[in-house]
Amino acid sequence: MNEPTDSQTSETPELPELTLAQLPESLRRGAGRAGWTSLMPVQARAIPYILAGREVMIQARTGSGKTGAFVLPMLERLEAGRAQCQALVLVPTRELAKQVSQVTETLCRDTGLRTVAVYGGVGYGPQIEAFKGGAQIVVGTPGRVLDHLLRGTLSLEALQMRVFDEADRMLSMGFYPDMQEVQRHVPLATRDTLHNSMFSATFPAFVMRTAKEFLRAPEFLSLSGDHVHVTETEHVFYVVPAMDKDRSLVRSIELENPASAIIFCNTKTAVHYVTVVLQRFGYDADELSADRSQADRERILARVRKGSLRFLVATDVAARGLDIPQLSHVIQYELPEDPEGYIHRAGRTGRAGAAGVALSLVTEAETLTLDAIAKRYAVEFQQRVAPTDAAVQAVVAERVTTLLEARLRGRDRLRTERSERFVPLARSLAENEDESALIAMLVDDYYQETLHAPPPMVRETQASAPPAGEPRDGAPKRRRRSSSRRPRRPAR
């Protein structure tokens, strides 16, 4: 795949942006149904390429108008009189599936094009009925789409357009193996003519490798005021209560699901406390401070060099000289005392052609320090809403549903038959509020063992995507059990 550039070669000339008035009539009518009077930048830039049948990868965050960018061209490219799936939009969560399908229904109203949202955690009946009714646009999570393909309730024989929406989040949710399996259900003849587009907030290495698998020769688009960079670091911060930083750290990790991270503290006492918090919550974490014996330091450094330690908690002094391959996140539990220290910390991610995230947990008072860093070093910080328990619960529910459905698909007939003897018990436990804690415990243990263990050793997958059935980058092959109890706060 070619590296992204701000201009296209003479063989693939750059297409000019379009205004709403320049769009085909069918697209203008669709925009009118949504009440749009102009195009957003991502729409003006991407729509000409999609209409021309040119594959694109484009950086677009939530709220940028990207749904309209890939749905409006469907009004021109899809056949309303053909009652088969012609467009497949893969998304990471059920909430996004519902959101995209609602926008799609509005844009396609009165055109004869029908939409169905397909996601796990709900019954199959309404989704199957929508397929039977001839829905041409399917918006869904890879896992549930794959379920329908395996059941024979969905066919991709007539597929013309495929969209990977929020590709980075899809991969962080663990959908990579399902995406591969869905790809195998696309007829070979169709793959040569299928139009693909991929939208992602960032382009880390694992997204780039995924694009090579699913897109033939995508072009990278640079948006006005929102350039695409493969090599970049996002500077993000959450404003959190000082007494809730430990819990905020855990919630942040659950939402971000980093493949690997260095977590910086300013004192060895804080390093030890944060390490204990993470370990008690079940994460693969270790600490590096001046108090560690030389043998311990060598053991930890060996794991760091191999890429087999997921979270390293350290002070600036202890982490000096360390180089962790493909480090996805730097998390600042405490801001450095010297503003220049922020640049050194953040610079440890986003290296060697990969994207990274520098995430800071700050109090209201510490936002002044961030402002000073931003002005002094021209850093553009993004403030995000501090993660809540409800937000974490929703994301974890999506992930564990994805994992369990994938595991269920992998069971042979005999094991499926063996499981059926427990269906009445599972139903009884779920209906009994007092006993539902048993199910919650089992699901929690499964989730901990699946996602909170060490990453695999660095291996060939750093140069190419993992084969089918293998865990994504940062996902473990071997699991270990851990307690999830919160540690007692030290005396202050």
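For clarity, every value in this text was computed on a predicted model and none was experimentally measured.
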Looking at [X] and [Y], what are the two nearest heavy atoms and their distance?
| X | Y | value |
| --- | --- | --- |
| I50 | A69 | CD1-O, 3.4 Å |
| P218 | L215 | CB-CD2, 3.6 Å |
| V274 | C265 | CG2-SG, 3.9 Å |
| T141 | G120 | OG1-N, 4.0 Å |
| S101 | A117 | OG-CB, 3.6 Å |
| G68 | I47 | O-CD1, 4.3 Å |

Report yes or no: does [X] contribute a side-chain atom to a donor-acceptor pair with the main-chain N or O of [Y] at less than 3.5 Å?
| X | Y | result |
| --- | --- | --- |
| T153 | H148 | yes |
| Q127 | Y119 | yes |
| R310 | S260 | no |
| R169 | P92 | no |
| S360 | V362 | no |
| Q102 | Q99 | no |
| Q43 | G65 | yes |
| R114 | G134 | yes |

Is any side-chain heavy atom of [X] less than 4.5 Å from a side-chain heavy atom of [Y]?
| X | Y | value |
| --- | --- | --- |
| Y124 | R151 | yes |
| P387 | E254 | no |
| V91 | V163 | no |
| L312 | I263 | no |
| L359 | Y238 | yes |
| M179 | T210 | yes |
| M198 | D165 | no |
| E219 | E55 | no |

Nearest 0.5 Å, please: how far is [atom2] in [Y] from [atom1] in [X]?
| X | Y | atom1 | atom2 | answer |
| --- | --- | --- | --- | --- |
| I137 | T104 | CD1 | OG1 | 6.0 Å |
| Q332 | I262 | CD | CD1 | 10.5 Å |
| R144 | E405 | CZ | CD | 5.0 Å |
| D316 | D338 | CG | CG | 9.0 Å |
| L39 | L20 | CG | CG | 5.0 Å |
| L368 | I373 | CG | CD1 | 11.5 Å |

query = Could R399 and Y447 be counted as a cation-pi pair, given that NZ or CZ must be under 6.0 Å from the ring centre and within 45° of the axis?
reply =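 No cation-pi geometry.
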Taking [X] first and then [Y], would you say they form a salt bridge - that is, a charged N and a carboxylate O separated by under 4.0 Å?
| X | Y | answer |
| --- | --- | --- |
| E340 | R376 | no |
| E366 | K245 | yes |
| R384 | E234 | yes |
| R28 | E25 | yes |
| R303 | D286 | no |
| R409 | D178 | yes |

key: Working for side-chain contact (heavy atoms from CB on, under 4.5 Å), residues T367 and V239   = CA-CA 8 Å; T367 57; V239 178; 3.9 Å; yes
key: Check against side-chain contact (heavy atoms from CB on, under 4.5 Å), L194 and V186   = CA-CA 9 Å; L194 180 62; V186 179; 4.3 Å; yes
request  = Let me see the working for H195 and Q160 under side chain to side chain donor-acceptor pair (under 3.5 Å), right down to the final yes or no.
outcome  = CA-CA 6 Å; H195 179 272; Q160 297 183 41; over 6 Å; no
Are a donor atom and an acceptor atom from the side chains of [X] and [Y] found within less than 3.5 Å of each other?
| X | Y | value |
| --- | --- | --- |
| R77 | Q86 | no |
| E76 | S26 | yes |
| E14 | Y49 | no |
| E181 | Y176 | no |
| Q183 | R162 | yes |
| Q136 | R82 | no |
| H235 | E380 | no |
| E213 | Q180 | yes |

message = Using salt bridge (charged side-chain N to carboxylate O under 4.0 Å, His left out), reason through K66 and E166 one step at a time and then give a plain yes or no.
response = CA-CA 10 Å; K66 58 184 171 60; E166 298 198 4; 3.7 Å; yes
request  = Kindly state whether the ring of F70 and the ring of F164 have centres lying under 6.0 angstrom apart.
outcome  =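 So the answer is no for these two rings.
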request  = Tell me whether the centres of the aromatic rings in F264 and Y333 are closer together than 6.0 Å.
outcome  =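 No: the rings miss the under 6.0 Å criterion.
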task = Decide side-chain contact (heavy atoms from CB on, under 4.5 Å) for I331 and I253; before the verdict, give the C-alpha distance in whole Å, the side-chain angles of both, and the deciding distance to 0.1 Å.
result = CA-CA 9 Å; I331 300 176; I253 288 175; 4.2 Å; yes
request  = List in chain and number order the residues that pass side-chain contact (heavy atoms from CB on, under 4.5 Å) with A130, two or more places apart in sequence or in another chain; answer none if no residue qualifies.
outcome  =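 Result, side-chain contact (heavy atoms from CB on, under 4.5 Å) vs A130: V116.
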inquiry  = I'd like to check the side-chain contact (heavy atoms from CB on, under 4.5 Å) partners of L149; sequence neighbours left out, ordered by chain and number.
reply    =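 Applying side-chain contact (heavy atoms from CB on, under 4.5 Å) to L149 gives V145, L154, L156, V182, H185.
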message = What verdict does the side-chain contact (heavy atoms from CB on, under 4.5 Å) test give for S197 and I58, after you've listed the backbone C-alpha separation in whole Å, the side-chain angles of each residue and the deciding distance to 0.1 Å?
response = CA-CA 8 Å; S197 55; I58 188 165; over 6 Å; no
request  = Please indicate whether E79 has more than 12 foreign heavy atoms, meaning atoms of other residues, nucleotides or ligands, lying under 6.0 Å from its CD.
outcome  =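 Yes, CD of E79 has more than 12 neighbouring heavy atoms, counting only those of other groups under 6.0 Å.
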